[in-house]
Number of protein chains: 2
Amino acid sequence: MVAKDSSTEEKIKNAARHVFHIKGYAGTRTRDIAEEAGINLALLNYYFRSKEKLFEIVMMETLRDFLQSLTSVFNDMESSFETKLEMVVNNYITLLVKEPEIPLFILSELRRNPTHLLQKMNVKEIIMQSYFVKQLLEVMEQNKMAQKDLLHLIINIIGMTIFPFVAKPIFQSIGEISNEQFSAMMEERKTLIPKWIKAILTSK
Amino acid sequence: MVAKDSSTEEKIKNAARHVFHIKGYAGTRTRDIAEEAGINLALLNYYFRSKEKLFEIVMMETLRDFLQSLTSVFNDMESSFETKLEMVVNNYITLLVKEPEIPLFILSELRRNPTHLLQKMNVKEIIMQSYFVKQLLEVMEQNKMAQKDLLHLIINIIGMTIFPFVAKPIFQSIGEISNEQFSAMMEERKTLIPKWIKAILTSK
DNA sequence: GCTTGATTTAATCATTTGATTAAATCAAAA
DNA sequence: TTTTGATTTAATCAAATGATTAAATCAAGC
């Protein structure tokens with residue numbers, strides 16, 4: 001018996017994850033995945049039956065990993081709002097510096113597929129009923145901000161954190177920004193984003 | 001002679017723009033485009049020679065439209081920094097409320113294609129040597145912000161404006177956000193984003 | 001009405017690509 | 001060594017898809 005990570009099944013799944021993340025569902029050929037995994041096309045179908053099935057697995061696992069950065073922090077009753085904000089931003093940037101293709105992959109593929117995968121995953125409840133949002137609403141109240149701005153704020157937090165990864169190909173195409181420079185910039189944002197959000201909250 | 005807009009060539013191009021924007025290059029079949037345009041597949045190739053050529057035209061025109069929102073504002077010598085900021089945000093949101101698929105389309109396709117289309121379009125120079133950035137740097141100096149934060153600020157402006165459109169499919173998939181509600185929210189952001197940016201600039 | 005060139009179509013081709021099959025290989029147990 | 005089941009491969013199939021071709025249709029000018 002071979003170790004889990006190097007088992008053929010795992011090798012194929014990792015290759016699929018890699019190729020799907022970069023090329024998307026439509027742009028990926030099963031032969032690409034087989035080659036990346038160092039195996040034959042038939043074997044891929046032997047293990048996963050079809051491109052579609054393999055994709056679903058990759059998609060589910062990617063979403064799970066991605067949501068993990070939220071759920072692991074959001075409902076801690078001990079930590080302050082500020083701490084949670086720092087931790088969420090930290091978690092996401094750390095994850096995405098390692099796998100920068102994830103956001104564009106998720107956004108593109110969820111768009112293509114009108115399946116209600118996200119509804120099934122209860123993302124809205126995870127966010128809106130979290131202790132984090134409760135604390136955020138308190139801070140907003142203290143600063144006399146309108147409740148309807150809650151959505152704006154959440155978008156800003158997520159956007160400031162994730163958008164740079166979505167636009168990364170653009171930066172690299174436009175300017176002389178290396179992977180290292182980009183990662184360094186994202187490290188800076190770990191502390192900058194919470195500051196900016198606080199500035200927004202206490203302004204007006 | 002038929003009017004330009006309803007000419008067959010234009011009909012095909014519009015159909016191509018629509019389908020490519022939604023499904024991307026790999027996900028689009030030339031037959032989809034032909035059907036959308038209400039014409040036959042052969043005619044498409046008669047006019048545009050190949051899927052690739054047709055795509056290039058769509059991509060170029062989409063990028064041109066998109067950059068127009070920047071260039072039309074950036075080098076006006078009369079308007080203040082605040083005014084320019086408002087106008088850029090306004091232009092983008094107005095354009096993207098009409099065509100919300102553009103950002104995800106551009107981001108996905110530029111990623112797929114290592115062509116240096118953007119370099120050719122001189123985007124970096126358009127931005128960095130613009131009068132807008134000069135004014136932005138002055139404001140940063142007044143508020144004793146480090147110059148290296150310029151990139152962060154530009155990302156924040158663009159991100160706050162564009163990210164909601166990129167994530168729109170998610171919102172609609174997660175929650176009960178209608179197209180109208182989304183558009184209304186983006187209208188609010190036309191005035192909110194400049195405020196937030198100012199809050200960030202004057203904080204710390 | 002006829003001619004001519006532009007426009008449009010149906011039919012077909014060649015390649016790509018997802019999937020299957022039957023056979024070969026290999027490793028472990030008897 | 002032989003047997004047995006799991007793993008792997010080469011070969012092939014069928015459908016999808018980009019592209020071409022030759023013929024039909026149509027509109028304008030004579």
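Values below: all heavy atoms of this structure, side chains included; hydrogens, waters and symmetry mates excluded. The chains referred to below are lettered A, B, ... by the order of the sequence lines, with proteins before strands, and numbering in each begins at 1.
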Checklist line | Contact nearer the 5' end of DNA chain C, comparing A:Leu43 with A:Arg29 | finding: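 Nearest-nucleotide comparison on DNA chain C picks A:Arg29.
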Next item on the list: Any pair with a residue in residues 61-83 of chain B that passes ring-ring contact (aromatic ring centres under 6.0 Å, His included), sequence neighbours left out, goes on the list, sorted by first then second residue, please.
Entry: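 Listed once each, the pairs are B:Phe66-B:Tyr92, B:Phe74-B:Phe132, B:Phe81-B:Phe132.
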Margin query: If we check side-chain contact (heavy atoms from CB on, under 4.5 Å) with B:Leu70, which of these qualifies: B:Ile158, B:Asn91, B:Asn75, B:Ile127?
Written below: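 Output: one option passes, namely B:Ile127.
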Item checked: A:Glu35 bridged to A:Arg31 by N-O distance under 4.0 Å ->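 Here A:Glu35 does not pair with A:Arg31 in a salt bridge, since their nearest N and O are not under 4.0 Å apart.
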Checklist line | Whole angstrom value for the distance that separates P of D:dT7 from CD1 of A:Ile12 | finding: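 Spelled out: CD1 on A:Ile12 to P on D:dT7 is 11 Å.
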Checklist line | Protein-nucleotide distance (A:Leu41, atom CG; C:dT16, atom C1'), rounded to Å | finding: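 Taking atom C1' of C:dT16 as the reference, CG of A:Leu41 is at 12 Å.
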Note to self: Among residues 30-39 of chain B, which ones have heavy-atom contacts with DNA chain D below 4.0 Å?
What the structure shows: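 Heavy-atom cutoff 4.0 Å gives B:Thr30, B:Arg31.
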Check: Which of residues 44-55 of chain B sit near DNA chain D, with a heavy atom under 4.0 Å from it?
Finding: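 Heavy-atom cutoff 4.0 Å gives B:Asn45, B:Arg49, B:Ser50, B:Lys51.
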Note to self: For B:Pro169, give me all partners under side-chain contact (heavy atoms from CB on, under 4.5 Å), at least two apart in sequence or on another chain.
What the structure shows: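 In terms of side-chain contact (heavy atoms from CB on, under 4.5 Å), with neighbours along the sequence ignored, B:Pro169 is linked to A:Arg111.
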Check: Given C:dT8, is OP1 or OP2 found less than 4.0 Å from the side-chain N or O atoms of B:Thr8?
Finding: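 Affirmative; the distance criterion is met.
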Check: Are A:Phe20 and A:Phe105 close enough that their ring centers fall under 6.0 Å?
Finding: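 Aromatic pair excluded; centres sit 6.0 Å or further apart.
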Item checked: Sequence neighbours excluded - side-chain hydrogen bond (donor to acceptor under 3.5 Å, both in side chains) pairs with any residue from residues 78-87 of chain B ->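 Residue pairs with at least one partner in residues 78-87 of chain B: B:Asp76-B:Ser79, B:Ser79-B:Lys84, B:Ser80-B:Thr83, B:Lys84-B:Gln135.
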Check: Which residues satisfy the salt bridge (charged side-chain N to carboxylate O under 4.0 Å, His left out) test with B:Lys190, sequence neighbours excluded?
Finding: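 B:Glu187.
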Note to self: Checking A:Asn45 against A:Lys53: is there a side-chain donor and acceptor pair closer than 3.5 Å?
What the structure shows: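 Looking only at side-chain atoms, A:Asn45 and A:Lys53 do not form any donor-acceptor pair under 3.5 Å.
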